[in-house]
Amino acid sequence: VDSSLAHVVIVTIFLAVGMANIVAPATDSIMGSLPREKAGVGSAMNDTTRQVGGAVGVAVLGSVLSSRYSSELAGALEGKVPTAILGGARDSIGAALGMVRDVPAARPYAALLTSTGKEAFVSGFHTAVIVAAGILIIAAVGVYRWLPARALDLDVIVQGTDMPGDGSAPQPEPAEPAPVEPDPVDLVHLAPPVELADGIDVGRT
């Protein structure tokens, strides 16, 4: 049983190290999926989901562990220890070990309560780990399906053109000036001088 408790400690350490390696990529995925103008929204969602996920995870996995521990302990000690002692020991492994230390009526059952309590706790911990592994598999499927997601930076993208190699925004080519056409001019056709002279009645003196 003591080696099983050591395994519990080792698994807990590995989980802590795993979380340390996951937090940074998860934050990058959240922030990288949003444009720059919504960076504040992404930061708020990152903190909110992390806190809610931690609280829900502790609640769900803790409930699984506690339920498994209580049922295992009750099934192993039913009829072997007084009901009052069994009822107090079913609350948690800490309560069981505390009763062995502090309650005189529980001391005759100290060895049985200690060994059975540790076995029940390890069994509950294993059940909680299996549930956590199932949740992790579902999360991995979601990551494979939807990540990574990257937002387009509209400040540097010009539709219909490619980005230059240096990463700067492409400059549009200057348009050629349109040819300037002269405005139309009304032309008046004048008669030849001879015709004008014929049409004038010059008085003779």
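The basis for the numbers below is simple: all heavy atoms, side chains too, and nothing from hydrogens, waters or symmetry mates.
Through side-chain heavy atoms spaced under 4.5 Å, either directly or across other Ile, Leu, Val, Met, Phe, Trp or Tyr residues, Val56 is tied to Val52, Val60. Alongside Val131, the hydrophobic cluster contains Leu61, Val64, Ile135 (criterion: ILVMFWY side chains under 4.5 Å).
Separation of atoms NZ (Lys118) and OH (Tyr69) is listed at 11.5 Å; rounding is to 0.5 Å. With rounding to the nearest 0.5 Å, the separation of CG in Leu86 from CG in Leu113 is 8.0 Å. With values rounded to the nearest 0.5 angstrom, Leu112 atom CG is found 5.0 Å from Leu77 atom CG.
Residues passing the side-chain hydrogen bond (donor to acceptor under 3.5 Å, both in side chains) test with Ser70 are Arg90, sequence neighbours excluded.
Sorted by first then second residue, the salt bridge (charged side-chain N to carboxylate O under 4.0 Å, His left out) pairs that include residues 65-85, not counting sequence neighbours, are Arg68-Glu72.
Residues Leu73 and Ala120 approach most closely at N-CB, 3.9 Å, considering heavy atoms.
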Indicate every side-chain donor-acceptor pair of residues 96-110 with a distance under 3.5 Å to a residue at least two apart or in another chain.
unit_1 : atom_1 : unit_2 : atom_2 : d
Arg107 : NH2    : Arg101 : O      : 3.3

Can I get a per-line list of side-chain donor-acceptor pairs under 3.5 Å for residues 38-47, giving both atom names and the distance, sequence neighbours left out?
unit_1 : atom_1 : unit_2 : atom_2 : d
Asn46  : OD1    : Arg50  : NH2    : 3.4
Asn46  : ND2    : Thr27  : OG1    : 3.4

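In this structure, the side chain of Ser66 does not engage the main chain of Ser63 through any donor-acceptor pair within 3.5 Å.
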